[in-house]
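Have a look at the structure below before the remarks.
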Amino acid sequence: MAFDPAAIDRKWQARWEQDGLHKVSDDDPRPKWYEMTMYPYPSGDLHIGHWYAMAPADAHARFRRMQGYNVLHPIGFDAFGLPAENAAISRGIHPYEWTMGNIENMRRQLRSLGAIYDWDREVITCLPEYYRWNQWFFLRFFEKGLAYRAEAPVVWCPSCQTVLANEQVVNGTCERCGTEITRRDLEQWFFKITEYADRLLDFSGLEEWPEKILTMQQNWIGRSEGVEIAFDISAAGLEEKEIPTFTTRIDTLFGVTFIVLAPEHPLVPGLTTAENREAVDEYISKARQTSEIERLSADKEKTGVFTGSYAVNRLNGERVPVYIGDYVLTTYGTGAVMGVPAHDARDFIFARKYKLPIRIVIAPIEWDGKELSDAYLGDGFMTNSGAYDGMTNDEGKSAIAADLEKRGWGGRTVSYRMRDWLISRQRYWGTPIPMVYCDSCGVVPVPEADLPVLLPEDAAFKPTGESPLATNHDFVHTQCPKCGEDARRETDTMDTFMDSSWYMMRYLDPHNSDDPADAKLLKRWMTVDQYTGGAEHAVMHLLYSRFFTKGMHDMGLIDYDEPFLRLFNQGVILGADHEKMSKSRGNVVNPDDFVGQLGADAVRCFLMFIGPWDQGGPWSDVGINGTARWLNRVWEIAVRDADSLDDTPVDTDAVRDTNRLLHQTIRKCHNDLDRFKFNTAIASLMEFTNHLNRAWTDASVDTKTWRECTEKLLLLLAPMAPHMTEELWEKNGHPYSIHQQGFPTWDDDLAAEEVITLILQVNGKVRDKIEVSAGIEETEARALALASPRIQSYVAGKSVAKTVYVPGRLVNVVVK
RNA sequence: GCCGAAGUGGCGAAAUGGUAGACGCGCCGGUCUCAAAAACCGGUGGGGGUGACUCCGUGUCAGUUCGACUCUGACCUUCGGCACCA
């Protein structure tokens, strides 16, 4: 019976589909297990990276199903986004056609993987039945005050011709295309994610998220506690009488020798005196020209220019000069900082450059009173600080903050690095934002009954920097839902991260036309028990989705407030040259070639066998042969005629060994699959296979034991290699389907070793190994060790200081 | 610059205080064959020894311990994240 993997793949994929084996029922009495993998963008081709993300996830979901859970492991397509639009521009295909064609092809490829996807639950985000709920959620967020329109300096990608959210900027470049970003002042739609900053920092509702992701989210949110303190500028005769600044080091307030405003700060024109105007204007226009990357570079020279005005530090009445400098960011804090050169590295450099005084107000321990060669950032005693002198700087912090609050000059506050989520996009292929602009009523939401606002089929795709929808007159011209007069539609579309923020709900009820998802089904299935995907979404999708869930929770739409209970990040699959796969490197692996030749199971197993799943690693065209060979051997073993063996144990010890290994293998496999350690699970199955093969050759196994072992081997392997195990299950006369069987269980007593190898050491070095009974007593073990001739030869002439006994493992004789 | 993870045979890796290198690739030898491939069996960290054996060995250097790939400190390298955030 030759093993023909391709034929077996076809046979069972068709059978499972026909039988609806993977249809998931909502009423199943078993406990639910919702395991999701990040849905793919329909780029048109399922590459090995997709397989690496999906095959192990599927094996894990299958493992949970065999453990007795009602497992939902759905799939869908992240179908809005720029590549579709770019295809339209370069090839004249409509984004819809392009996307749906790709989905068609990818469905076929996804089926070849043999996963347990329930295709009735497929979600495609670019269809009105999906994106109408994006609009619906937008309106809910708007009503709740969590969606707002504001003018702000926003990030612009000159290549994508659209604004981006801060999270979508990587080192000053566009996350999608790598183009250096610029800034623009535009009126855009934002989601108030900053209002949830503190709750997003609370990870207590999560179980088993990688520490790395939590740290990244924490750093991204960048919470810092400090004080907002206002400096008096009433002398300048402006309407504004003060400059608010934010500091985390209010204890250094007496060390302030200047103020620096961001060049874009609104007070700059007012504070600039006539004789300084020319220099200030020149500086500002130069700052505008410097690129974002350059401006954000930390080691760039700190520059600035004096405005000619002074501000008063009201706590000590000192008058300090006001500068502008581009090391101060408009987007953080108040866009103005108090300059404390003695205790801030940046201010120190700035003060040196512009010959500003450097006054030490926190005395370093063992300070000799000399000038500093660098800013002193550590703790110490307050000095040169009036009434606060002699306090520790920690005490000074609270004392000064309290005094400022008392006098109304400032107060404790919290600043965040994270900005609100900018969701407008000046592109066509996305969800239209359901808003109308009316000359008399202002900004008016589209009534719920009028949803969805359909994305029109025809639009000019060429990006001009303005939304393509803006040139579509039929789309733009509408009536105000309030007064009925002529009005204009919003022509921007939504960030596609809107789609992925709630798609886990839609899988539960993908065709519901009354709600995003039925409340009973949400109750039944949410929260997602296990989510798997790449770590690159740490501060984008994963953060947005947590925010979105908390927002929905607060609106009473759902009763849970974290979307994903457990998260696992798989690593990245690399080319055989250990480099990232890319067309230009020519190291891209096409899974279809291997699937056709060796079968889906071999590809699945090899991907899991390469190494730990979270580590990723290099693909190997020859390495996969090892896995394929092994599956071949499993096949060959499982089709042997067990009746040709003796039906009574030939060698009871050998049979007991086989049985013990069976139970150990079940235990190992179970524990490893539970923790996504597929590589060692497969290794243990290989060992077991090798053992069975030897036992057959030695004729040291009886019919019954052989049958039990091969049956269990197939069950253990079923999550990883679903096709061939199903075929072999049938060949061995078991009832269809192997995938509806329980995962084997083990007996610790049967798995326990009877004989162990006791390691005998002298001074920690292995000198002898002896076989002893597992239940050996300590005194006996020690005696055996000292009696060993090999140990004695090392002990001879020395004195035994002590012996260390580790039960079941070793005896270490310490000699001097 | 700061934070985090990692560094083990020719290669992917295993072992999380107790036999370093399980399992697999590759390579070498063998069986089968006219021959080759496939398949199967055996060997395979390095040095020394005819051999029983023996010494060295988990990035480097110290330390803790009877015993360290594993724990601690410093350093080197690689990869990720953040990077004027006041």
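These numbers come from a predicted model, not from an experiment.
- As rounded to whole Å, 11 Å separates atom C1' of B:rG1 from atom CD1 of A:Ile349.
- Here ring-ring contact (aromatic ring centres under 6.0 Å, His included) pairs that include residues 671-692 of chain A, with residues two or more places apart or in two chains, are A:His60-A:Phe676, A:Phe568-A:Phe676, A:Trp613-A:Phe676, A:Trp613-A:Phe678.
- Between A:Trp619 and A:Phe594, the ring centre distance stays below 6.0 Å.
- Using a 4.0 Å heavy-atom criterion, one finds that A:Arg419 contacts no nucleic acid atom at all.
- Distance CD (A:Glu211) to C1' (B:rC3): 13 Å, rounded to an integer number of Å.
- Nucleotide B:rG4 is shown with an anti base, its glycosidic torsion being more than 90° from 0.
- Checking B:rC53, B:rA86, B:rA83 against every side-chain atom of A:Val328, the shortest atom distance belongs to B:rA86.
- If you check every strand for non-hydrogen atoms under 4.0 Å, A:Asn693 touches sugar and phosphate atoms only.
- Note on A:Val814: only backbone sugar-phosphate atoms sit closer than 4.0 angstrom, heavy atoms only; bases stay farther off.
- Put simply, the side chain of A:Gln761 and the base of B:rG18 share a donor and an acceptor less than 3.5 Å apart.
- Residue A:Arg629 has no polar side-chain atom (N or O) positioned under 4.0 Å from OP1 or OP2 of B:rG24.
- Side-chain contact of A:Gln664 with A:Glu753: a donor-acceptor pair under 3.5 Å is present, judged by distance alone.
- For the P atoms, the distance from B:rA37 to B:rG47 is 28 Å, rounded to whole Å.
- A search for side-chain contact (heavy atoms from CB on, under 4.5 Å) contacts involving A:Pro263 returns A:Tyr283, A:Ile284, A:Ala287, A:Arg295, A:Asp326, not counting sequence neighbours.
- Regarding A:Ile259, its CD1 atom lies at a distance of 12 Å from the C1' atom of B:rA86, rounded to whole Å.
- Counted within 6.0 Å of CD on A:Glu579, heavy atoms from surrounding residues, nucleotides or ligands total more than 12; the atom is thus considered enclosed.
- Taking for each of A:Val622 and A:Gly764 the nucleotide of RNA chain B with the nearest heavy atom, the 5'-most of the two is the partner of A:Val622.
- Nucleic acid contact for A:Arg767: sugar-phosphate only, since backbone atoms but no base atoms lie under 4.0 Å from a heavy atom of the residue.
- For A:Ser224, the side-chain atoms get nearest to B:rA86 when compared with the rest of B:rA83, B:rC53, B:rA86.
- The number of heavy-atom neighbours closer than 6.0 Å to CZ of A:Arg288, taken from other residues, nucleotides and ligands shown, is 12 or below.
- The stretch residues 801-810 of chain A touches RNA chain B through A:Lys802, A:Val804, A:Val806, A:Arg809, A:Leu810, each having a heavy atom under 4.0 angstrom from the strand.
- Atom CG in A:Asp344 sits about 9 Å away from atom C1' in B:rC84, given to the nearest Å.
- Using P as the reference atom, B:rA22 and B:rG12 are 15 Å apart when rounded to the nearest Å.
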Fill in the blank from the handout: Protein heavy-atom contacts under 4.0 Å, written 5' to 3' over nucleotides 8-14 of chain B as B (base), S (sugar-phosphate only) or - (none), form the string ----BSS
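- In this structure, A:Thr248 reaches the sugar-phosphate backbone alone: every heavy-atom distance under 4.0 Å involves primed, P, OP1 or OP2 atoms, never a base.
- Within 4.0 Å of A:Tyr794, counting heavy atoms only, lie sugar-phosphate atoms of the nucleic acid but no base atom.
- Looking only at atom types and distance, the side chain of A:Glu225 has no donor-acceptor partner in the side chain of A:Thr248 under 3.5 Å away.
- Nucleic acid contact for A:Thr697: none, since no nucleic acid atom lies under 4.0 Å from a heavy atom of the residue.
- A:Asn393 and A:Asp379 are linked by a side-chain donor-acceptor pair at a separation below 3.5 angstrom, with hydrogens and angles left out of the test.
- In this entry the distance linking CG of A:Asp326 with C1' of B:rC84 reads 9 Å, nearest Å.
- For A:Tyr323 and A:Phe350, the distance between ring centers is under 6.0 angstrom.
- Of the charged side-chain nitrogens involved, none lies within less than 4.0 Å of a carboxylate oxygen, so that A:Asp698 and A:Arg694 do not count as a salt-bridged pair.
- The distance between atom CG of A:Asn569 and atom C1' of B:rA5, rounded to the nearest whole Å, is 13 Å.
- Residues A:Arg223 and A:Gln218 bring no donor and acceptor atom of their side chains to less than 3.5 Å of each other.
- The aromatic ring centres of A:Trp209 and A:Phe203 sit 6.0 Å or more apart.
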Completion exercise
Secondary structure of RNA chain B per the Watson-Crick/G-U criterion (both distances under 3.5 Å; [ ] crossing, | other strand, . unpaired) is (((((((..(((.....[....)))((((((.......))))))((((....))))..(((((..]....))))))))))))....
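- Separating the CG atom of A:Asp347 from the P atom of B:rA86 is a distance of 12 Å, rounded to the nearest angstrom.
- The nearest whole Å value for the distance from the CG atom in A:Leu607 to the C1' atom in B:rC25 is 15 Å.
- Looking at the side chain of A:Asn812, the nearest of the listed nucleotides B:rC82, B:rC66, B:rC56 is B:rC66.
- In this structure, A:Thr247 reaches the sugar-phosphate backbone alone: every heavy-atom distance under 4.0 Å involves primed, P, OP1 or OP2 atoms, never a base.
- Here B:rA86 is the nucleotide among B:rA86, B:rG18, B:rA22 with the atom lying nearest to any side-chain atom of A:Phe246.
- Of the options A:Asn679, A:Ile682, A:Leu673, A:Thr627, a side-chain contact (heavy atoms from CB on, under 4.5 Å) to A:Met608 is made by A:Ile682 and by none of the others.
- Contact check, A:Arg417 against B:rA83: a side-chain N or O comes under 4.0 Å of OP1 or OP2.
- Not one side-chain nitrogen or oxygen of A:Arg694 sits closer than 4.0 Å to the OP1 or OP2 atom of B:rC41.
- With A:Trp51 as the aromatic partner, A:Arg604 does not meet the cation-pi criteria of under 6.0 angstrom to the ring centre and within 45 degrees of the ring axis.
- Note on A:Val340: nothing from the nucleic acid sits closer than 4.0 angstrom, heavy atoms only.
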Side-chain atoms of residues 807-816 of chain A: list all donor-acceptor pairs with protein atoms under 3.5 Å, sequence neighbours left out, distances to 0.1 Å.
residue, atom, partner, partner atom, Å
A:Asn812, OD1, A:Asn763, N, 3.3
A:Asn812, OD1, A:Gly764, N, 2.9

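- Residue A:Asn690 is in sugar-phosphate contact alone, with no base atom involved, counting any heavy-atom pair closer than 4.0 Å across all strands shown.
- Counting non-hydrogen atoms under 4.0 angstrom, A:Arg633 reaches the backbone sugars and phosphates but no base.
- Positionally, the nearest nucleotide of RNA chain B for A:Asn632 lies more toward the 5' end than for the other of A:Ala336 and A:Asn632.
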